[in-house]
Enquirer: 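One structure, pasted below without further comment.
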Amino acid sequence: MAVGLLGKIIRHKVVDLWLSARIIETEAYMLNERGSHASLGLTPSRRALFMEGGTIYMYYARGGDSLNIGAAGPGNSVLIKSAYPVTDDVSGPESLAAMLRLNPARNGQPRAPEKLCAGQTLLCRALGLKVPEWNAQTLDASRLFIDDDGYRPDNIIRTTRLGIPSGRDEHLPYRFVDSAYASCCTRSPLGRSRLEGEHYHYLDTDQQWRT
DNA sequence: CCAAAGATGCGCT
DNA sequence: GCGCATCTTTGGG
């Protein structure tokens, strides 16, 4: 599911505008694995992780709102980590302008489009997604949904998730990035001194096709 | 009630 | 790559 969401467009309606962004980076989290919130057990703030597949789980990460979509099976979910703003027939220039206003840089200046949704909390800010409004809710074609315009990533990078402390299954290769947008994700996996085969892999075409 | 710990972001080097 | 701001959740006293 984390791979399948790459390239899809997430759309959120704010007042009378659809705000849209293409998903370029995702991470998978599983119930039976130490990196996930679900593995910490069922509490009121984590209840959405144990609801029906498709339920939205939002939580605060270091002060900002973060978006997950529940997968099949209790406790499994996909964290939407970064995206790239989309302007098309549904979201015109005024939608992009609204996103820029919702997520200005710290100094108040507008961000470059490449940086507007380059992180899990930045994405939520740009799309106007808030924990109190969307946690434990379901997708809704009239307000928030995942769209498919036919785009498919040519190459997908598979690597380890960010921010997982050691001893918490930090080695699991559950982070996925559309390589065409690698420079616009949370942190590029393709830095100098990052080696293909050691720090990251490209997903087999075979594996990509199956998803 | 308080301290500590995050599935982070930013600015600086 | 590192330090620091940030703010909610959680668990212990």
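This one's a predicted model, so the numbers in the text were calculated from it and none came from an experiment. Throughout, a chain's letter reflects where its sequence line sits, starting with A, and its residues are numbered from 1.
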Enquirer: Do L116(A) and L100(A) make a side-chain contact, defined as non-hydrogen atoms from C-beta onward lying under 4.5 Å apart?
Expert: yes
Enquirer: Considering only dA7(B), dG9(B), dT9(C), which nucleotide approaches the side chain of Y60(A) most closely?
Expert: dT9(C)
Enquirer: R111(A) side chain N/O closer than 4.0 Å to the phosphate oxygens (OP1, OP2) of dC10(B)?
Expert: yes
Enquirer: Starting from P on dT8(B), measure out to CZ on R106(A) and report it in whole angstrom.
Expert: 15 Å
Enquirer: Rounded to whole angstrom units, what separation is found between the OH atom of Y59(A) and the P atom of dT8(C)?
Expert: 15 Å
Enquirer: Counting only side-chain heavy atoms from C-beta out, which of dG6(B), dG9(B), dA7(B) sits nearest to L122(A)?
Expert: dG9(B)
Enquirer: For R187(A) and dC2(C), give me the distance from atom CZ to atom C1', rounded to whole Å.
Expert: 11 Å
Enquirer: Parallel, tilted or perpendicular, judged at 30° and 60°: which one describes the rings of Y57(A) and Y59(A)?
Expert: parallel
Enquirer: From the list dT10(C), dA7(B), dT8(B), which nucleotide is the closest neighbour of the side chain of T121(A)?
Expert: dT8(B)
Enquirer: Taking the six-membered ring of Y174(A) as reference, does the cationic atom of R158(A) (NZ for Lys, CZ for Arg) lie under 6.0 Å from its centre and within 45° of its axis?
Expert: no
Enquirer: Could you please name the option among dT10(C), dA7(B), dG9(B) that lies closest to any side-chain atom of T186(A)?
Expert: dG9(B)
Enquirer: Which whole-number value in Å describes the distance from M58(A) CE to dT8(B) P?
Expert: 15 Å
Enquirer: Any side-chain heavy atom of V78(A) within less than 4.5 Å of one from L5(A)?
Expert: yes
Enquirer: Is there a side-chain polar atom (N or O) of S45(A) under 4.0 Å from OP1 or OP2 of dT8(C)?
Expert: no
Enquirer: Check whether the side chains of D178(A) and Y151(A) place a donor and an acceptor atom closer than 3.5 Å, and report yes or no.
Expert: yes
Enquirer: What is the separation between atom CZ on R62(A) and atom P on dC7(C), rounded to the nearest whole Å?
Expert: 13 Å
Enquirer: Whether S36(A) contacts dA7(B) is assessed here as follows: a side-chain N or O lying under 4.0 Å from the phosphate OP1 or OP2. Is that the case?
Expert: no
Enquirer: Could you check how far CD1 of I80(A) sits from C1' of dT8(B), rounded to whole Å?
Expert: 17 Å
Enquirer: What is the separation between atom CD on E25(A) and atom P on dG9(B), rounded to the nearest whole Å?
Expert: 9 Å
Enquirer: Between atom CG in N68(A) and atom P in dA7(B), what is the gap in whole Å?
Expert: 11 Å
Enquirer: Using purine N1 to pyrimidine N3 plus N6-O4 or O6-N4 for Watson-Crick, or N1-O2 and O6-N3 for G-U wobble, both under 3.5 Å, which nucleotide pairs with dT8(C)?
Expert: dA5(B)
